[in-house]
Structure formats: C-alpha cells, structure tokens
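As a basis for the values below, the full set of heavy atoms in this structure was taken, side chains included, without hydrogen atoms, waters or symmetry mates. Values in this document were obtained by computation on a predicted structure and should not be read as measured data. Here is the naming used below: chain letters follow the sequence lines, and residue numbers restart at 1 for every chain.
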Amino acid sequence: MIIRWGVAINVHEKLDDTIRIAKKLDAVGIDRLWVVDFPSPRFAPAVADVVASCTEAKIGIGLLSAILYDAETIGGFIETLSDYHGNRFDVLIGPGDQSALRSIGQETWIPKEVVETTLGTTVRVRNLLQEKGIEGHVWLGAQGPRMIDASREAHGVLLNYSDPMMIEWALKQIRERDGTHQTGVFFPSYIVSELADEPPNEFLYAAAIVALGAPSKIIKDMALWGISEARGAYNRKGKLNSAVIQAFGTCSLLRWGVFTTAEGVIEYANNLDKIGIDEIVFGPPISQFENSLENLMAAFKKSKKARNQ
Amino acid sequence: MTHNDWGSIVYHASIGITTHMKVKATKWIAENADALGAHSIWIGEDIGIGQDVFILSASTLRMTERCRVGTAIVPVSTHNIATLARAALSLCDIGRGRFVFGTGIGGIQDLQRLGIAIKRPVTALRETVLALRNIWKGKTVSAECEVFKLNGFGLHIDAVKDIPVFLGVRGPQMLRLVGQIADGAILSGPLDYLKYATNEIDSSARIAGRDPEDIEKIAWLPTIPTFKGGKESLAKRVVAIVVADMPEKILGMLSVDEGRIHRLRDAVARKGPDAGVPFVNDEMMDMFAITGDLLHMVDMFEKVAALGITEVVLGPPFTGDWRGAVQDIFKEIRLRRE
C-alpha cells in the first residue's frame, strides 16, 4: 500500500481560487481533494459540485459537523453529488469547531453527548450510503481517545495529528482494527522552499487551534504540559491571539502541523507510510499560499515518480 | 404591467423544479433553459426528499449561462442560518450574481410533520432576512429570534454580496412583509388570491416608502399541459399540497366548498399529499392549477400576468411528453411576443 496524498481546499480562498487550485492539483494527479466546510465561508457540498465538474479527482467532503447536519442531510449531500458525478466522494464527519459552532447557536457542548451524536451520525451515514449502493467511504475525524476508538464503526479515521509519535499514540487507542479500516492524518500545513523561512502566522494559528483541542490523555501520556499553560492564556482572553501563540512558542506549535520543505515532506510521507498510515491530508493554511502549494505539488510529483519506479 | 407594441402583456416565463425530481429531468431543464428562453429556474425543496437543494441549485447554475436560478423556497425553520448564509454566498459566486435566495417560514404541513411550531413566524422571517443581509455585507452578527441564535458570527468576506431575497408567502402579514423588506414574492393560489396578494404587497411597499415596481411577483402554480399526455392525477397531488398549505384566512376569501377543503386538509395532515387527491375536484383544479391545451395554458399565463404578476412559472408536475410540452409552451410565448 502506498500512502495517498490529499489537500484541503475551500478554506478562506475565493471560489475562483478554489477552482483554479483544484484544477492544478488534479493536473498533477493528487489523490484526493478535501473540500472543507464550516466555518469556511463557503458551503462544501455546493463547492464540491463545481470542483467535481471541472476535475477528475476523487473528492472528500468535510469535515462536516454532526452537530450542524443530521445523517439524512449528510447522506443526501453524498447521494446527490454521486448522482451527478459518479462514485467519487468520501465524507469526513466530526463534531466540528466548538467555538465556531457556539457562534451559530450550538451552545451546549457535553463531551459524552457530542461523541454519541457524532458516532451515531457516522454509523447512520455509512448505512444510508450502503443501502443506496454508494461506494463512498465515511471517515470519522478524531483527536480524543474515545472518538479514535469509536472510529472502528466508520470506514476510516482521520486523525488530527501530525507528529509521528502522537500518531502512534493515537493508533494505540484503537482496540481492534480490521484489515479494511483506513487511517489518515489531517494537519495544518505549509511547505517552504528553504527551512530558513519562518512559519507564517496563519500556520501558527491553525496549529494552535489543533493543539488547544488536544485531549487530556495525550497531554498526560506525552507530558505536553505547555498546552495547559497556553490553554490558560486562551481561556483568559477568550480568543486565540498573539499572546496565546507566544504561550505555546513556535517550537511547540511545529509539532501540531507540517512545516517543512518539499524534500522534508516526501520523507515525512514515507515515514508515515511505514507506520501504516493510508492517507495524509494537507490542511490549512496551505491552500491560501501559492508558493507553498507549488512546493507541495513539486514534492508530490517527485514522490509519485518514485512510486511508479 | 407592461405591454408590447401589439398589446400583449409582457411577463417573464420560467421553469420550476423540485428536489423530488430525478437528476435526469433536472439536468435536461438546466441544459435547455437558456435556449428555451426561460428567465429563471426556480427550485423548490421537498424537505428530506430527493436531491439536496443547494447542490441542485449549484449544478443548475453551473449548467446555465444566462437564466437566473433561485430557491423557491428553502425554509428558515429547517436549516441553520449559517448554512443558509454560506450556501447562498457560494451559489451567488457560482452563478456570478444569477442566484436568487428564495426563502420562507416553511409549509404548514411540513412544519407540523417535523414538529416545528413557530409562535411568531412573521417576526422570525423578518429577523432572519435582516441577519442574512448583514452577514452578506461582511458584518459580524449577534442576534437571535425563534429560529436562530448568532453570537458574533460572520463570513469574513471583503466584498458585499448583494443577493436578492424573495419570500414564499401566503398570509396577509407575510405579504405585507414582502412589501416592506423583500426583493420579490413567490406566490401560489387562485387568480383572485394572486390579485389580492399583489395589491397587498404593493400597498405595503408604498407605506414603507418603496416603489412597488421594484418588487417582483412570481406566480408558481401547478401546471399540467394535457396536450402532451400529462397526467392530471399528479397535478391533483400538487394542488392538494397548495390547498393544505393555504392559510384559513385566505381560503375563506374564496368561493370553495369549505367542507371539502377541511376534509382535504385533514387527509393531507394525517397521511400526506396523496391522501388529499380524492378531494381535489374540477373546481379546485381550475382555481389552483393551470391546465389544458397549449393555447389555453399560454392564455392563462397572460391572465395571471395581467394581475400584476411579473413572472409565471411552468411546472411541475412533469408528466407525459413534458419536454415537448415545455418546448411548445415557450415557443408559443415567444411567438406572441414577436
């Protein structure tokens, strides 16, 4: 098995840019385009329809929040898209961004209920697609141990980690895996020409969002005590700002995303391939930076060439 | 009302589709709408049934170049307001300004079936429209009403999106709301009702200091061309839905058999639209639908337009050789204008 590469699009870029990027990535043969949804300003299923019409790529929809959409609605998205464009669509389901959901009236957040709702929706979507003969896979987006383990009910899990040690920790949370269960990772990403470059703020903020959501078990198991301090700064300010970023420190945030060169990313992908990861998804802010995307595409082409040899 | 040089009433002719329709049918309509001369394609959401309304809208916009595409309607009561705001923004971009956001509170029968009770529907709809317009202006919005709650939500867009908002309404207060805040109304009902509705909208607009001519009035009635083998039974099903969703107050204005109307509404509420079909008689069909041969149907469109309606929508239901019927109807409309 060779690890697949996916790229998240439709983050903050304008629709024309999303389409242009999608076409470029499709032209180099990227394995999957992940069209992200809320809190992106544009609605993923509608954008996915346009992207599907101008590319031949496989497309992932999501993350779709199980708090925002019920299973029938999510199933309807995939069914309609498949009716128009064929069996090219996977879906990623998760709870979603808690603070963004709070801004649209989803104020109650009881972790146990959130896990149950997310899992229930995932299973129902998987069954709905199966009943209708739609081949798309249902992925569960997970970071915490309960959700990671529960992902056995989905076709696969997309882990919100990038650090190989943390990924190995996450894999251990799945008690029994059958051979068909897929594992992928989804992380903030920025690919540079030279490592001397500094990570842009967009990358640091994206990494901080992921780090702030880290479950207490991984903090304890891996002694990531710096997160508690940064979380304190976040709670005091009530928002993510430069003080929170400083509390984390750049070095610490680099563990929550992939900031490297084209050569570095090939090596990274090869390492994850060795530990059994099926798919890596380059998340925001990469789609907002042309140079970074070019570097990623160069790395992908090189990796693909090596794959084919 | 506008006339051409030969005295014919000038109105826009459009096509209506719903999410319940098969992809093959909606695709044909989208692919042929520009060539037919359709002004718009209006998309009704059959809640929870068939295609996703926003994907259907996206694909319809994608497959057309000239005609505008609107939802008619997506209810504010069954979608999160953030989803409505984001979907409309996306569709506006996909259609490069050809998208119209048609919304409403939702059909009486649908809301009952879903267990949604809204105490102050007019206020809820007004607040939703105002919040959406602020979101599309790029503002961060904190507001709440019966159907939504926003706490510092915004799309973080730099350009103002001027998305027309049309309201699918029936009752007098809702009609007045159109006159106050909407860019257009999507109406359905007998001719007497359409006349009443346009008058209500216009007078409300004048009171609000608006020019009534700035507000479009769309009439979407069930249409069934019998000259190409259309099945009347399907039109009856649609009429049953329209009658069941019509506010009591409006029905009271019409000369219809009240007992029959109540039995129909009961049946639809208990068992769905099919159960209402046996109660739809010829009188109701004539009142609530446009049916008959080619010339009669186009005559009826003109009659509807003469009531102050700016756009008449053809279909559904689509039965028999409906593609041929649609082509013939648009050809006849075009010929009368030339």
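Contacts between B:F148 and chain A at a heavy-atom distance below 4.5 Å are absent for every atom of the residue. With a 4.5 Å cut-off on non-hydrogen atoms, B:I81 does not touch chain A at all. Using a 4.5 Å cut-off between heavy atoms, A:A44 touches chain B through its backbone atoms (N, CA, C, O) alone. Of the two parts of A:I104, the backbone and the side chain both hold a non-hydrogen atom closer than 4.5 Å to a non-hydrogen atom of chain B.
Your options are A:A100, A:P39, A:G76, A:P45, and the one with the most heavy-atom pairs under 4.5 Å with chain B is A:P45.
The shortest non-hydrogen separation linking A:A46 to B:I55 is N-CG1, 4.5 Å.
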Taking 3.5 Å as the threshold, show me the donor-acceptor pairs across chain B and chain A, one per line with distances to 0.1 Å.
residue: B:T26; atom: OG1; partner: A:Y84; partner atom: OH; Å: 3.3
residue: B:Q51; atom: OE1; partner: A:Y84; partner atom: OH; Å: 2.8
residue: B:D52; atom: N; partner: A:T80; partner atom: OG1; Å: 2.8
residue: B:S59; atom: N; partner: A:D49; partner atom: OD2; Å: 3.4
residue: B:S59; atom: OG; partner: A:Y84; partner atom: OH; Å: 3.3
residue: B:R62; atom: NE; partner: A:D49; partner atom: OD2; Å: 2.7
residue: B:R62; atom: NH2; partner: A:D49; partner atom: OD1; Å: 3.0
residue: B:R62; atom: NH2; partner: A:D49; partner atom: OD2; Å: 3.4
residue: B:R86; atom: NE; partner: A:S40; partner atom: O; Å: 2.7
residue: B:R86; atom: NH1; partner: A:Y69; partner atom: OH; Å: 3.4
residue: B:R86; atom: NH2; partner: A:D37; partner atom: OD1; Å: 2.6
residue: B:R86; atom: NH2; partner: A:D37; partner atom: OD2; Å: 3.4
residue: B:R86; atom: NH2; partner: A:R42; partner atom: O; Å: 3.4
residue: B:S90; atom: OG; partner: A:F43; partner atom: N; Å: 2.8
residue: B:D93; atom: OD2; partner: A:R42; partner atom: NE; Å: 2.6
residue: B:D93; atom: OD2; partner: A:R42; partner atom: NH2; Å: 2.9
residue: B:R96; atom: NH2; partner: A:D16; partner atom: OD1; Å: 3.2
residue: B:K149; atom: O; partner: A:G105; partner atom: N; Å: 3.1
residue: B:K149; atom: NZ; partner: A:E107; partner atom: OE1; Å: 3.1
residue: B:K149; atom: NZ; partner: A:E107; partner atom: OE2; Å: 3.3
residue: B:N151; atom: N; partner: A:S103; partner atom: O; Å: 2.9

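Remark: B:D34 CG is packed, more than 12 non-hydrogen atoms of other residues, nucleotides or ligands lying under 6.0 Å away.
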